[in-house]
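Every number for a ligand or one of its atoms is a count from 1 in the order of the listing. Since this is a predicted model, take the numbers as computed values, not measurements. Index from 1, following the sequence.
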Amino acid sequence: MQHTNIPVITIDGPTASGKGTVAHKVADRLGFHYLDSGALYRLTALMAQRRNTDLHDEHALAKLAEHLPASFSGGEILLANENVTQAIRAEEVGTLASKIAALPSVRQALYALQLGFRKAPGLVADGRDMGTVIFPHAPLKVYLTASVQARAQRRYKQLIDKGFSANMEDLLSDLQARDDRDTQRAIAPLVPAEDARILDTSNMTADEAIEEVLKWYAHLKN
Ligand code: DC
């Protein structure tokens with residue numbers, strides 16, 4: 001059962017659009033909970049990678065998703081008590097996540113888990129289908145995007161800062177491939193919800209994007 005009186009702000013958008021940073025900070029500023037739904041797909045991917053699960057075995061992948069031994073605390077992500085906050089950010093884990101996210105049984109297995117994040121006083125949910133599928137009645141839906149070049153540059157900086165190696169050309173083609181997969185899959189493709197507000201952050205700082213979302217939310221309440 002969804003607690004429909006608990007407000008949800010959904011922030012969907014393509015990979016490296018900055019939605020993670022924006023969603024997280026908006027949640028902090030409002031004192032809301034935060035759902036990083038991509039992390040659930042990444043955790044499933046990391047488990048599949050470690051267990052050498054056959055990527056054609058949808059049933060086995062859905063089982064991994066259904067019984068994800070994950071916990072989130074203070075910004076850290078644990079998988080069966082191992083801190084995997086950094087490990088799930090690796091590019092290959094993201095690519096694998098994008099592949100298994102196209103499987104209906106995997107999405108179904110993660111559905112109830114995502115609804116469970118809706119707790120008082122409110123939730124900011126970040127992903128691809130937060131406004132279209134998981135929280136279709138959210139009072140504020142944001143579609144955060146940026147040009148592929150701006151996103152590749154951000155991802156490059158993010159990876160280097162975290163100590164991963166990165167190559168700009170590879171990143172651009174990987175982002176493009178990920179966009180194609182996320183937008184063209186049959187189930188829950190990445191598209192703005194009909195009632196979403198579009199925020200193009202190509203020429204915006206993260207702080208400006210955060211202020212814009214907070215302004216939209218404040219107007220909604222008045
Ligand atoms: O947001 P992210 O890069 O951490 O997400 C990793 C992958 O997971 C992304 O390429 C597609 C998938 N995903 C999804 O299909 N639906 C979501 N709500 C969130 C992520």
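- Looking only at distances, a side-chain donor or acceptor of Gln114 sits under 3.5 Å from a matching main-chain atom of Leu110.
- Close contacts of ligand 1 with Lys19, meaning ligand atoms under 4.0 Å from a residue heavy atom, involve 1 (O).
- For Arg185, a nitrogen or oxygen atom sits less than 3.5 Å from a nitrogen or oxygen atom of ligand 1, counting backbone and side chain alike.
- Counting only heavy atoms of the protein, atom 19 (C) of ligand 1 lies nearest to Ser37 OG, 3.4 Å.
- Every atom of ligand 1 is numbered from 1 in the order shown, and the set under 4.0 Å from a heavy atom of Gly127 is 18 (N), 19 (C).
- Heavy atoms of Arg181 stay at 4.0 angstrom or farther from ligand 1.
- Short contacts between ligand 1 and Arg178, defined as distances under 4.0 Å to a heavy atom of the residue, involve ligand atoms 3 (O), 10 (O).
- Under 3.5 Å, the side chains of Ser98 and Arg178 contain no donor-acceptor pair of N or O atoms.
- Close approach of ligand 1 to Ala101 (heavy-atom distance below 4.0 Å) involves ligand atoms 12 (C), 15 (O).
- Here the heavy atom of the protein found nearest to atom 20 (C) of ligand 1 is Gly38 CA, 3.5 Å.
- Listed by number with element, the atoms of ligand 1 under 4.0 Å from a non-hydrogen atom of Met130 are 18 (N).
- With a 4.5 Å cut-off on side-chain heavy atoms, Leu123 and Phe32 do not count as touching.
- Taking a cutoff of 4.0 Å between a charged side-chain nitrogen and a carboxylate oxygen, Glu211 and Arg29 qualify as a salt bridge.
- Which parts of ligand 1 touch Arg42 is read off a 4.0 Å heavy-atom cut-off, strictly below it: atoms 2 (P), 3 (O), 4 (O), 6 (C).
- Heavy atoms of other residues, nucleotides or ligands lying less than 6.0 angstrom from CG of Asn81 number 12 at most.
- Of the polar atoms of Tyr41, none of the N or O atoms is found under 3.5 Å from an N or O of ligand 1, judged by distance alone.
- Contact annotation: the side chain of Ile9 approaches that of Leu30 to within less than 4.5 Å [non-hydrogen atoms, C-beta and beyond].
- For atom 16 (N) of ligand 1, the nearest non-hydrogen atom of the protein is Arg107 NH2, 3.0 Å.
- Annotation: side chain of Ile198 is in contact with side chain of Pro192 (closest heavy-atom distance under 4.5 Å).
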Exercise for review: Verify side-chain hydrogen bond (donor to acceptor under 3.5 Å, both in side chains) between Asp28 and Tyr34, making sure each step is shown before the conclusion.
Suggested key: CA-CA 8 Å; Asp28 267 3; Tyr34 169 55; over 6 Å; no
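- Under the 3.5 Å distance criterion, with hydrogens and angles disregarded, a donor-acceptor pair is assigned to the side chains of Thr201 and Arg154.
- Close contacts of ligand 1 with Asp182, meaning ligand atoms under 4.0 Å from a residue heavy atom, involve 9 (C), 10 (O), 11 (C).
- Side-chain contact between Pro121 and His33: present, with at least one pair of heavy atoms (C-beta onward) separated by less than 4.5 Å.
- Atom numbering of ligand 1 starts at 1 in the shown order; those under 4.0 Å from a heavy atom of Thr15 are 3 (O).
- For the pair Asp126 and ligand 1, the shortest N or O to N or O distance does not fall below 3.5 Å.
- Residue, atom and distance of the protein heavy atom nearest to atom 1 (O) of ligand 1 are Arg128 NH1, 2.8 Å.
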